[in-house]
*Asks:* 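Pasting in a structure now, in structure tokens, and then I'll have a few things to ask.
Hydrogens, waters and symmetry mates play no part in the numbers below; they use all other heavy atoms, side chains included. Chain letters run A, B, ... following the sequence lines, proteins first, then strands; residues in each count from 1. It should be emphasised that the depicted structure is a prediction, and the values quoted were computed from it without experimental measurement.
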Protein chains: 2
Amino acid sequence: MPQPSTKPNINTSLMELMPEFQFAVSVDCVIFGFDENVLKVLLIKSDLEAFREKWSLLGDLVQPDEGLDEASYRVLTERTGLDTLYLEQVHTFGAVHRHPAGRVVSTAYYCLVNIKHTQLTQLGNELHWHPVKDIATMAFDHKKILDTCYSTLKKKIQEEPIIFNLLERKFSLRELQNLYEAILDVKLDRRNFRKKLFSTGLLTDLNEMERNVPHRPGKLYTFNHEAYYQMRKKAFSGIRF
Amino acid sequence: MPQPSTKPNINTSLMELMPEFQFAVSVDCVIFGFDENVLKVLLIKSDLEAFREKWSLLGDLVQPDEGLDEASYRVLTERTGLDTLYLEQVHTFGAVHRHPAGRVVSTAYYCLVNIKHTQLTQLGNELHWHPVKDIATMAFDHKKILDTCYSTLKKKIQEEPIIFNLLERKFSLRELQNLYEAILDVKLDRRNFRKKLFSTGLLTDLNEMERNVPHRPGKLYTFNHEAYYQMRKKAFSGIRF
DNA sequence: GCAAAAGTGTTCACATTACACCCATGG
DNA sequence: CCATGGGTGTAATGTGAACACTTTTGC
């Protein structure tokens, strides 16, 4: 959570800054990206002595004049250079001793970005994209936060078409399937996958082909936001037994 | 959120208590119960002047030495007299001006209890069970919190067998169906409902009948926790397309 | 021509839905 | 005997899973 922007660093100076300290409130962001067919998350080295050499999520203290959502959006835009983001709150972690510097309650968000569009800024502390599967331990309770967000992501992509935020605007069905397989950690049947995705009516065929692939090029599609919007408008009356 | 236990009341004394105040952290509990075939929620009159005569959720400030989950559990046990509860965190509300007394970030929990087993304590401020459908406006952002928790509940009962927490240990299928219908606000087909519920293997037939009902008595069942536990152990490998 | 991935349909099993009649009890 | 809800089965439809061959491109 605790990475400095231009503001005071909770890691090192919390107690000095707030002698009357009761609670600090922070946000931690699990920023997912997809690259080389692997699901990755944006991490940084902790600068807290207690967690020397451990990876940490990106986060910051919430400022007195900003909301929680606003704070997470700020962390994300500051770090990735992006200004449109899929961002969602997941859970708040408030165990008494979760932060060695004092009582810090942290709300976790996850976010889906296109890695190729990010322009990483404030590059200190080895900011980098890290394969989700390779992460064993982290600073603070960040492994637990990551696991919680990853579980939520897995569930959510099976309910809502948020996954397109991780891809380029134009993509092939193969890329989309690879992404589903990477996140869910399963193998999917190609024919059933195509059938299912087309049946949603959410893909627009661009009548363009992939280029410079070492095999037969696939067609390119794009996510049809308008169709999704129309679909959402027709509320359906709930599941029957 | 802000209902006094024996501790200071955030509503009236926050600023005096914390001159160096940065953030206060609270929990708000949406306590659901089922009575007379209606889904209800436990509410209290707000004692804040700004929300005079508005209904408010039960909540309290989180104490420096207690975790968030612990705080919500405390609020619930203090108020309902129950010590076993289904309790789940839903969302954290952190808009800058959501509380008139200052910056209060509040984490919402929902809870399922058997109304008949509750022994309401600290009865001030018109503490009572209120039909969920009848609530139009509330103090603070509590209507939004209630709506969020209610949506989560609707979704959750279709995924996990938590609904039994709202019933007596022994119940008839009719009572169970009435409860599903009340929460989901739909009519369900009786034969399909029975088929579906029995097929889960989670109901134990007690070989007992209802008594003192003005019609043919139905069989009584109980939720089979052991069967559910065994079922959970067999992890299944994820959804395929 | 070979490697690699694209594109394409059918079958089967299972789950969901719709739907109607007789039965047991209390009053 | 009447009102009320309990208890039961089947057919039609929709959904998910399994599965193999031909085509197109780059090299």
*Asks:* Between Thr80(B) and Thr118(B), do the side chains contain an N or O donor and an N or O acceptor separated by less than 3.5 Å?
*Replies:*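 Distance-only check fails for Thr80(B) and Thr118(B).
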*Asks:* Is the gap between the ring centers of Phe93(B) and Phe140(B) under 6.0 Å?
*Replies:*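 No: the rings miss the under 6.0 Å criterion.
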*Asks:* Are Phe164(A) and Phe171(A) close enough that their ring centers fall under 6.0 Å?
*Replies:*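 Yes, close enough.
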*Asks:* Calculate the interatomic distance between Asp205(B) atom CG and dG7(D) atom C1'; express it in whole Å.
*Replies:*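 About 13 Å, once rounded to whole Å.
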*Asks:* Just the rounded figure in Å: distance from C1' of dA15(C) to CZ of Arg194(B).
*Replies:*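 Atom CZ in Arg194(B) sits about 19 Å away from atom C1' in dA15(C).
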*Asks:* Could you state the atom-to-atom distance from CG of Leu176(A) to C1' of dA5(C) in whole Å?
*Replies:*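 For the pair Leu176(A) CG and dA5(C) C1', the rounded distance is 16 Å.
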*Asks:* Take atom NZ of Lys187(A) and atom P of dA17(D), then tell me their distance rounded to the nearest Å.
*Replies:*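 That distance rounds to 16 Å.
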*Asks:* To the nearest angstrom, how far is Glu210(B) atom CD from dT4(D) atom C1'?
*Replies:*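 Nearest whole value for this atom pair: 12 Å.
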*Asks:* What does the B/S/- profile of nucleotides 19-27 of chain C look like, 5' to 3', with a 4.0 Å heavy-atom cutoff to protein?
*Replies:* BB--BBBS-
*Asks:* How close or far is atom P of dA18(C) from atom NZ of Lys196(B), stated in whole angstroms?
*Replies:*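 Whole-Å distance recorded here is 14 Å.
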*Asks:* Is the Tyr221(B)-Phe198(B) ring centre distance short of 6.0 angstrom?
*Replies:*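 That pair passes the under 6.0 Å test.
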*Asks:* Verify side chain to side chain donor-acceptor pair (under 3.5 Å) between Thr137(A) and Lys54(A), making sure each step is shown before the conclusion.
*Replies:* CA-CA 7 Å; Thr137(A) 62; Lys54(A) 297 272 188 191; 3.2 Å; yes
*Asks:* What is the separation between atom CZ on Phe193(B) and atom C1' on dT8(D), rounded to the nearest whole Å?
*Replies:*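 Rounded to whole Å, this separation is 16 Å.
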*Asks:* When we call it a touch if two heavy atoms are under 4.0 Å apart, what does Arg174(B) touch: a base, just sugar-phosphate, or nothing?
*Replies:*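 Since only primed, P, OP1 and OP2 atoms lie under 4.0 Å of Arg174(B), the category is sugar-phosphate.
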*Asks:* Among residues at least two apart in sequence or on other chains, which ones pass side-chain contact (heavy atoms from CB on, under 4.5 Å) with Glu126(A)?
*Replies:*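 Testing Glu126(A) for side-chain contact (heavy atoms from CB on, under 4.5 Å), a comparison that skips the adjacent residues, returns Lys45(A), Trp55(A).
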*Asks:* Rounding to an integer number of Å, can you tell me how far Leu188(B) CG sits from dA18(C) C1'?
*Replies:*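 After rounding, the gap between these two atoms is 14 Å.
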